[in-house]
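For clarity, every value in this text was computed on a predicted model and none was experimentally measured. All ligand and atom numbering here is 1-based and tracks the order in the structure.
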Amino acid sequence: MRKKIVAGNWKMNKTLQEGVALATELKEILAAEKPNCEVIIGTPFIHLATLSELLNDSVIAVSAENCANKESGAYTGEVSAAMVKSTGAEYVILGHSERREYYHETPEILKEKVDLALANGLKVIFCIGESLAEREANKQEAVCKAELEGSVFHLTPEQWKNIVIAYEPIWAIGTGKTATAEQAEEIHAYIRKCVADVYGAQAADDTTILYGGSCKASNAPELFGKPDIDGGLIGGASLKAPDFKGIIDAWK
Ligand code: PGA
């Protein structure tokens, strides 16, 4: 059975102190009431070591939001996959549309990052999704397939076990516009078919595919109720413990 996951993506929010306060609050809430899914929080690099230690004895796993596409050396300001791993983080989010757009991360660069993340023992939450113009031109399937082919479909079946896919339509990220549960299910089923074509039906069935884009407590139950939606990657609503908990509760 594939894992159900609710993962937060804090993006560029929270000072170290604010992050510790939020993680502590979440830890306490989830210790009192065990979640019915895996819970991950994706945070800026500066939080990783502190939160990995703080959450070590909790049900919450920690994820980075990025890592370098180089192993080590003279790359001022970059953080390698090995460094992320050394903090105790288990996951790294790669391929987010904000990184593709604002930091010009190409499929080739992302492929290098994915390879380094896996080589260093991290699991990858790999994001794909179409823009509004692409959706209006009915190109969402072609875009998602190309993003998978460009950066992750070269992996071996063994490596694939450490990949979680996050489908995030760009037009729904931070806009308050959610894809309808039907729209999301349709493309999730298509993504799973693409995975089956490369890795076989069993691997596809075992692959966790998250939905992201204005997911909140009010729409999560309907989204997560669909057969091919295995949870969410949550931006805005992961920044307050009660909001995030509301989404986790959708799995109850
Ligand atoms: P949002 O962001 O929930 O704020 O729309 C989701 C994401 O970008 O991961």
Counting from 1, what ligand 1 atoms have a heavy atom of Ser214 closer than 4.0 Å? 1 (P), 3 (O), 5 (O)
Nearest to atom 3 (O) of ligand 1, what protein heavy atom do you find, and at what distance? Gly235 N, 2.9 Å
Approximate separation, where rounding is to 0.5 Å, of Cys67 SG and Lys85 NZ: 12.5 Å
What do we get for Asn9 next to ligand 1 when only non-hydrogen atoms under 4.0 Å count, side chain, backbone, both or neither? side chain
Check: Gly174 N/O within less than 3.5 Å of ligand 1 N/O: yes
Answer with yes or no whether the side chains of Trp171 and Glu134 bring together a donor and an acceptor at under 3.5 Å. no
Phe153 vs Trp160 aromatic rings, parallel, tilted or perpendicular, using cut-offs 30° and 60°? tilted
When rounded to the nearest 0.5 Å, the distance separating CD1 of Ile93 from CG of Leu233 is 5.0 Å
Any salt bridge between Asp206 and Arg2, counting N to O under 4.0 Å? no
Taking atom types as modelled and ignoring hydrogens, do the side chains of Asn69 and Lys111 form a donor-acceptor contact shorter than 3.5 angstrom? no
Polar side-chain atom of Asn219 near backbone of Ser214 as donor-acceptor pair, under 3.5 Å: yes
Going by the order shown, which atoms of ligand 1 are within less than 4.0 Å of some heavy atom of Ala172? 5 (O)
The closest protein heavy-atom partner of atom 4 (O) of ligand 1 is Gly236 N, 2.8 Å
For atom 9 (O) of ligand 1, what's the nearest protein heavy atom and its distance? Glu168 OE2, 2.7 Å
Tell me which protein heavy atom sits closest to atom 2 (O) of ligand 1, plus the residue, atom name and distance to 0.1 Å. Lys11 NZ, 3.3 Å
Is there a heavy atom in His96 that sits closer than 4.0 Å to ligand 1? yes
Got an N/O contact under 3.5 Å between Gly213 and ligand 1? no
Roughly how far, to the nearest 0.5 Å, is the SG atom of Cys37 from the CD1 atom of Ile5? 8.5 Å
Just which atoms of ligand 1 are under 4.0 Å from any heavy atom in Leu233? 6 (C), 9 (O)
Quiz question: by atom type and distance under 3.5 Å, do the side chains of His154 and Asp115 form a donor-acceptor pair? yes
Is there any N or O on Thr175 that sits under 3.5 Å from an N or O of ligand 1? no
Check if Gly212 has a non-hydrogen atom at a distance under 4.0 Å from any atom of ligand 1. no
